[in-house]
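Taking it in order: structure first as structure tokens, then the write-up.
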Amino acid sequence: MIREGKPVNRLIIVMVLGLLLLCIGPMSIVSAGEAAPANDITIKLNGEIVKMTDPALMLDGRLYLPMSRIAKIFGANSSWDSVHEEVTIHTVLGDKIVLGNGVTVVYFNQDRYLMDAVPILTDGRLYVPLRQLSELLHANIQYNAETGVVDLIAVQPAVITEEYGLDEISKEFDSSKSELLKRNGLDGNKMIKTGTKLKVIIPSIFNKSAKPFTESDLMLLAKITMVEAGYESYEGQLGLANVILNRVKDASFPDTIRDVIYSGKQFPPAHNGKLDKSKPNASALRAAKDALNGKNNVENAVYFFNPKVSKGPFWSSLDVITTIGNHSFAR
């Protein structure tokens, strides 16, 4: 505890902040789940101070920056989808990035990857962890603990020449040749032509591919979500979709979305024809997609019920995790 009137060494403070920024150890200046303004941080791009209209945030020991603002200073174009609460970025190097509010999965070009910290929506701005953001925008970070300055360094692609090929680039940037080929969408069996520009920053997410799902999985999950919770809020629909996905992960239930929905008696619409006729609205489709992409607001819940309708010893014996709208979510 720091008492008023007692001098505090600034160097100690910025050193602690440096540790937080680099995520060394379990320390955090805020409680888990609470974002706090990081007012002592200065952001630079290639040595030039960046004017920030929105503050940086610190959450669970990580520094977050507004995605669209940082993308803009890198020359990227961004578009915000308020219905799905996701931002799409097109970078100057030709990469397409899609990030959603509270969604674990990031769409990067044609693939899906897992982030180790999710984007957060604050005051209408989508914030992304600094280190992951810089990697996605093909940049390095330099941090000065004494001044509290974060310098983003835009990294230019390497150009293939007769003397400077894949082997040399791999050694210089400490990346494997397979990583460089994957990052640039190249076939290792084909010769890389002189003059080819190679992106050399390998995002750490490349080691964490997201579990795939099919269009039929998405539509089936959206349909059951619509018919069972179409009258509920997005949060209620997200909870319904996640009950099914939680069951898929639970050894006590079938291991596919279709089998979970069509087995047992909790989903009568799967057996009376209503599911086949279901037409998901935008909210149900978003809830199903977000759930498949890892956004879970009812962790471990494998049952849902309306406590005003479903009564009896079985339902009363369940451990209710949360209640959203008309539904209780339980285990």
Side-chain angles (χ1 to χ4, degrees), residues 84 86 98 100-116 118 205-306 310 314-315 317-322 324-331:
H84 295 93
E86 64 181 25
V98 182
N101 174 30
V103 177
T104 307
V105 168
V106 54
Y107 286 74
F108 190 74
N109 294 329
Q110 304 302 316
D111 298 302
R112 299 165 59 251
Y113 299 96
L114 292 173
M115 301 178 71
D116 56 11
V118 299
I205 57 171
F206 272 28
N207 296 321
K208 303 172 184 176
S209 294
K211 182 179 179 181
F213 62 84
T214 65
E215 186 66 20
S216 61
D217 286 337
L218 172 60
M219 288 307 301
L220 184 57
L221 189 59
K223 281 186 173 185
I224 195 65
T225 297
M226 183 66 191
V227 75
E228 291 282 8
Y231 51 85
E232 297 287 346
S233 65
Y234 161 77
E235 292 293 333
Q237 293 172 349
L238 180 66
L240 189 286
N242 272 305
V243 163
I244 293 168
L245 297 184
N246 289 344
R247 286 191 176 195
V248 171
K249 300 172 187 175
D250 193 303
S252 301
F253 297 92
D255 58 4
T256 69
I257 292 172
R258 174 168 289 278
D259 289 345
V260 163
I261 292 173
Y262 281 96
S263 65
K265 299 180 179 180
Q266 180 155 27
F267 304 104
H271 308 289
N272 61 20
K274 291 184 178 180
L275 179 61
D276 294 333
K277 299 177 183 178
S278 174
K279 295 182 179 180
N281 60 18
S283 181
L285 281 166
R286 177 194 168 193
K289 180 181 176 182
D290 285 354
L292 286 165
N293 280 333
K295 188 174 183 179
N296 196 335
N297 60 344
V298 292
E299 291 283 354
N300 300 319
V302 290
Y303 296 100
F304 75 98
F305 63 98
N306 186 331
S310 301
F314 173 77
W315 300 108
S317 69
L318 296 176
D319 179 17
V320 175
I321 295 172
T322 188
I324 306 173
N326 293 293
H327 288 142
S328 289
F329 297 87
R331 183 165 183 82

request  = Compare every heavy atom of Ala270 with every heavy atom of Tyr262, then report the nearest pair and how far apart it is.
outcome  = CE2-O, 3.3 Å
ask   = Rounded to the nearest 0.5 Å, how far apart are NE2 of His271 and CD1 of Ile261?
value = 10.0 Å
inquiry  = So Val105 and Leu114, do their side chains get closer than 4.5 Å, heavy atoms only?
reply    = yes
note = d(Asn281 CG, Met226 CE) to nearest 0.5 Å is 4.0 Å
key: Phe267 and its side chain to side chain contact (heavy atoms under 4.5 Å, CB included) partner, picked from Leu275, Ile244, Val227   = Ile244
message = Show the nearest heavy-atom pair for residues Ala241 and Ala291, with the distance to one decimal.
response = CB-CB, 3.8 Å
note = Heavy atoms of Pro269 and Glu228 approach each other most closely as CD-OE2, 3.4 Å
request  = Determine, step by step, whether Ser252 and Asp250 satisfy the side chain to side chain donor-acceptor pair (under 3.5 Å) criterion, reporting the C-alpha distance in whole Å, the side-chain angles of both residues, the deciding distance to 0.1 Å, and the verdict.
outcome  = CA-CA 5 Å; Ser252 301; Asp250 193 303; 3.2 Å; yes
remark   = What one should report as the nearest heavy-atom pair of Leu240 and Ile224 is CD1-O, 4.0 Å
inquiry  = Between Val248 and Asp259, is there a side-chain heavy-atom distance shorter than 4.5 Å?
reply    = no
request  = Could you give me the CA-CA distance, side-chain angles and deciding distance for Glu86 and Tyr107, then say whether side-chain contact (heavy atoms from CB on, under 4.5 Å) is met?
outcome  = CA-CA 11 Å; Glu86 64 181 25; Tyr107 286 74; over 6 Å; no
ask   = Would you call Lys295 and Asn242 a side-chain contact if the rule is heavy atoms closer than 4.5 Å?
value = no
key: Intermediate values then yes/no, side chain to side chain donor-acceptor pair (under 3.5 Å), Asp290 and Tyr234   = CA-CA 11 Å; Asp290 285 354; Tyr234 161 77; 2.6 Å; yes
remark   = Shortest non-hydrogen pair, Ala284 vs Gln237, comes out as N-OE1, 3.2 Å
ask   = With a 4.5 Å limit on heavy-atom distance, are the side chains of Glu215 and Leu218 in contact?
value = yes
message = As an exercise, state the distance from CG of Leu292 to CZ of Phe213, rounded to the nearest 0.5 Å.
response = 5.0 Å
CA sep, side-chain torsions, deciding dist, call: Phe314, Phe305, ring pair (Phe, Tyr, Trp, His ring centres under 6.0 Å) = CA-CA 11 Å; Phe314 173 77; Phe305 63 98; 8.5 Å; no
inquiry  = In the structure I gave you, are the side-chain heavy atoms of Asn293 and Arg112 within less than 4.5 Å of one another anywhere?
reply    = yes
inquiry  = Are the side chains of Asn296 and Val298 in contact, using a 4.5 Å heavy-atom criterion?
reply    = yes
query = How far apart are the C-alpha atoms of Met219 and Leu285, what are their side-chain angles, what is the distance that settles it, and do they pass the side-chain contact (heavy atoms from CB on, under 4.5 Å) test?
reply = CA-CA 8 Å; Met219 288 307 301; Leu285 281 166; 3.9 Å; yes
remark   = Of all heavy-atom pairs linking Gly236 and Glu232, the shortest is CA-CB, 4.3 Å
inquiry  = Using side-chain contact (heavy atoms from CB on, under 4.5 Å), reason through Leu220 and Arg258 one step at a time and then give a plain yes or no.
reply    = CA-CA 7 Å; Leu220 184 57; Arg258 174 168 289 278; 3.8 Å; yes
task = Quick one: do Thr322 and Glu235 satisfy side-chain contact (heavy atoms from CB on, under 4.5 Å)? Show the steps, please.
result = CA-CA 11 Å; Thr322 188; Glu235 292 293 333; over 6 Å; no
key: Any Arg331 side-chain heavy atom under 4.5 Å of Asn246 side chain   = no
ask   = If you round to the nearest 0.5 Å, how far is CG of Asn306 from OG of Ser328?
value = 7.5 Å
note = One should read off an interatomic distance between Phe108 CZ and Phe206 CZ, to the nearest 0.5 angstrom, of 5.0 Å
ask   = Does a side-chain heavy-atom distance below 4.5 Å link Ile324 with Asn297?
value = yes
request  = To the nearest 0.5 angstrom, please state how far the OG atom of Ser310 sits from the CZ atom of Phe304.
outcome  = 8.5 Å
